[in-house]
Amino acid sequence: MRKRNWRLIVVGMVLLAAAGMFFLAMLGMAPKSNDPVTLMRTIGQVSGAVSGLSIVMIIVGLIGKKAPTS
């Protein structure tokens with residue numbers, strides 16, 4: 001039986017939420033920018049990278065590691 005790593009799962013969820021909130025917060029700033037298309041392209045790349053990393057952390061945490069055998 002494998003033991004789940006809850007720390008990785010929780011940190012992954014927090015990062016996923018932070019990436020989503022960052023993207024939504026920057027949507028409000030885009031109209032005020034000199035070049036909103038480039039700004040949103042960059043914000044999308046950053047949010048996507050953080051989201052991808054957080055999903056990998058959640059998956060690795062769910063897989064876990066082997067429980068010690070006695």
Side-chain angles (χ1 to χ4, degrees):
M1 187 98 189
R2 292 191 168 271
K3 184 178 178 186
R4 291 189 173 144
N5 191 341
W6 288 105
R7 288 181 185 171
L8 274 180
I9 295 170
V10 170
V11 170
M13 286 190 216
V14 169
L15 274 177
L16 191 60
M21 290 185 338
F22 177 67
F23 182 78
L24 292 176
M26 292 305 286
L27 279 176
M29 287 189 191
K32 300 172 191 164
S33 173
N34 291 336
D35 192 0
V37 174
T38 305
L39 174 71
M40 288 312 296
R41 188 174 293 148
T42 305
I43 297 304
Q45 286 179 350
V46 170
S47 296
V50 173
S51 298
L53 180 64
S54 67
I55 290 171
V56 168
M57 289 176 73
I58 291 170
I59 291 171
V60 169
L62 287 172
I63 292 172
K65 58 182 178 179
K66 287 185 180 179
T69 56
S70 301

Partners of M29 by side chain to side chain contact (heavy atoms under 4.5 Å, CB included), sequence neighbours excluded? M26
What distance do K65 atom NZ and R2 atom CZ have between them, rounded to the nearest 0.5 Å? 11.0 Å
Under a side-chain separation threshold of 4.5 Å, the hydrophobic residues clustered together with M21 are none
L15 meets the side chain to side chain contact (heavy atoms under 4.5 Å, CB included) criterion, sequence neighbours left out, with V11, V50, S54, M57
Gap between atom CD1 of I55 and atom CG of L16 - 0.5 Å precision: 5.5 Å
Any side-chain hydrogen bond (donor to acceptor under 3.5 Å, both in side chains) pairs touching residues 35-45, not counting sequence neighbours? D35-T38
Smallest separation among heavy atoms of L8 and G61, with atom names: CB-CA, 4.0 Å
About how many Å separate CD1 of I63 and CD1 of I58, when rounded to the nearest 0.5 Å? 12.5 Å
Among residues at least two apart in sequence or on other chains, which ones pass side chain to side chain contact (heavy atoms under 4.5 Å, CB included) with L27? F23, L24, M40
Strictly by side-chain hydrogen bond (donor to acceptor under 3.5 Å, both in side chains), give each pair with a member in residues 4-26 just once, sequence neighbours left out. none
Nearest heavy-atom approach of P36 to A30 is CB-O, 3.2 Å
Closest non-hydrogen atoms of L39 and S33, given as atom of the first, atom of the second and distance, are CD2-CB, 3.8 Å
